[in-house]
There are 2 protein chains.
Amino acid sequence: MLSTRRAELVDAAVGASRALVAITARSLARDAGDVTLPQYRLLVVLVTRGPQRLGDVADSLDVNPSTATRMGDRLHRKGLITRRGRDDDRRVVELVITDEGRQLVERVMEHRRAEITEIVDDLSPDELATVAQGLQLFAAAAGETTGELESAS
Amino acid sequence: MLSTRRAELVDAAVGASRALVAITARSLARDAGDVTLPQYRLLVVLVTRGPQRLGDVADSLDVNPSTATRMGDRLHRKGLITRRGRDDDRRVVELVITDEGRQLVERVMEHRRAEITEIVDDLSPDELATVAQGLQLFAAAAGETTGELESAS
DNA sequence: CCCATCAGTTGTCCTAAGCAAAGATTGCCC
DNA sequence: GGGCAATCTTTGCTTAGGACAACTGATGGG
């Protein structure tokens, strides 16, 4: 009974999640050419939090610093970020998004927004409210239970 | 106004999706040792659809056959699947999950179910119904819309 | 019987990601 | 002020995922 409802919820959640990942992947493929999903996530961190030291980026993405270094290399090669040292502590390297990088993120977000809009356009106002409330409730509950992790993508 | 609501919905959807991915990753790390997420997805395909020819598995996962071949190699090394030829067409290779593989998937699913249960335990029955409906509505709407897009293009 | 086609595998390339060790810099303590 | 530990980043090494192309074997239609 209740377990049946829970199983349905799990299925629905997995389905919703899969749909979103697919949307993001499509937006990325269409707007970002050769930028991969992890690289895009790095760019989103820089857009939402401003210039960041490499270690903080690694923490945000929950990856090893070495991984962040090399992802930075590739994004730098593509002209989407720059690196700069800091005078008050010359150990640190800050990653800064370029105009080109920012525009890329904006294109992808705009496209994703459009796709989601298209999806929910077919819903009635009541249904739309239900979807929004349901997703918000779930995200909030998950955030509290698991203890507030980081953002980006 | 309405765009604000849509933006909130996008954020909520992204948050919910992130929470789910994190849950799956945790369940995998706890119960599946050295099995990666793509490998786990392959096992799930075999559990839900039974023995499959390699090409069909590749299609299900949306990867190149060569990728499926090598993922199969690794899962075989770990004793989680077996491969068998077929007499009526000796070109095809079928992947079959082993008891060990099946048990692994069951452990992960059980654990994921438990985590989601824990999350929604704090919700009232009304809220739980809202979450389930919202997720289902969204997943269904996404499925229809993307289906149309694919057939249209 | 031959040849086009199909199914999988193998070789090669790139990205992602982790760990460990090395380098460089800083801060602190004596 | 000199040495030393801690901090930040990079580099080397390994495994895995993923794509594409070339190749091998098997099938099946002319």
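Residue numbers begin at 1 in each chain, while the letters A, B, ... track the order of the sequences.
Contacts between residues 71-83 of chain B and DNA chain C, defined by a heavy-atom separation below 4.0 Å, involve B/Arg83, listed by number. Near-neighbour residues of DNA chain D inside residues 41-58 of chain B, defined by a heavy atom below 4.0 Å, are absent.
Protein atom CG of A/Asp34 is 15 Å distant from nucleotide atom C1' of D/dG18, rounded to whole Å. Look at CG on B/Asp62: it is 13 Å from C1' on D/dG17, rounded to the nearest Å. Distance, B/Leu37 CG to C/dG18 P: 14 Å, rounded to whole Å. Between the CG atom of A/Leu28 and the C1' atom of C/dT15 there is a distance of 14 Å, rounded to whole Å.
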Nucleotide N/O of nucleotides 25-28 of chain D paired with protein N/O under 3.5 Å:
{"unit_1": "D/dT27", "atom_1": "OP1", "unit_2": "B/Arg90", "atom_2": "N", "d": "3.0"}

Taking N or O atoms only and anything under 3.5 Å, show me the protein contacts with nucleotides 19-21 of chain C, one pair per line.
{"unit_1": "C/dC19", "atom_1": "N4", "unit_2": "A/Ser66", "atom_2": "OG", "d": "2.7"}

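For B/Ser60, the side-chain hydrogen bond (donor to acceptor under 3.5 Å, both in side chains) partners are B/Arg49, not counting sequence neighbours. For A/Glu110, the salt bridge (charged side-chain N to carboxylate O under 4.0 Å, His left out) partners at least two apart in sequence or on another chain are A/Arg113. Contacts of B/Thr67 classified as side-chain hydrogen bond (donor to acceptor under 3.5 Å, both in side chains), with partners at least two apart in sequence or in another chain: none. By the side-chain hydrogen bond (donor to acceptor under 3.5 Å, both in side chains) test, A/Arg86 is found to be paired with A/Asp88, A/Glu94, residues two or more places apart in sequence or in another chain being considered. The salt bridge (charged side-chain N to carboxylate O under 4.0 Å, His left out) search around A/Asp73 returns A/Arg83, not counting sequence neighbours. Considering only residues two or more places apart in sequence or on other chains, B/Arg91 meets the side-chain hydrogen bond (donor to acceptor under 3.5 Å, both in side chains) condition with B/Asp89.
Within the hydrophobic cluster formed by Ile, Leu, Val, Met, Phe, Trp and Tyr side chains joined at under 4.5 Å, directly or through other members, B/Ile81 is accompanied by B/Leu28, B/Val35, B/Leu37, B/Tyr40, B/Leu42, B/Leu43, B/Val44, B/Val45, B/Leu46, B/Val47, B/Val57, B/Leu61, B/Val63, B/Met71, B/Leu75, B/Leu80, B/Val93, B/Leu95, B/Ile97, B/Leu104, B/Val105, B/Val108, B/Met109. Chaining together hydrophobic side chains whose heavy atoms lie under 4.5 Å apart leaves B/Val92 on its own.
Distance check: B/Asp122 CG to B/Glu118 CD gives 8.0 Å after rounding to the nearest 0.5 Å. Atom-to-atom distance recorded for A/Thr117:OG1 and A/Arg112:CZ is 11.5 Å, nearest 0.5 angstrom. Distance CG/B/Asp31 to CD/B/Gln103: 12.5 Å, rounded to 0.5 Å.
Closest approach of A/Ser27 and A/Glu115 over heavy atoms only: OG-OE2, 4.2 Å. Shortest non-hydrogen contact noted between B/Ala139 and A/Ala16 is CB-N, 3.7 Å.
Between B/Gln39 and D/dA16 there is no side-chain N or O to OP1 or OP2 distance below 4.0 Å. Neither OP1 nor OP2 of C/dT10 sits under 4.0 Å from any side-chain N or O of B/Thr69.
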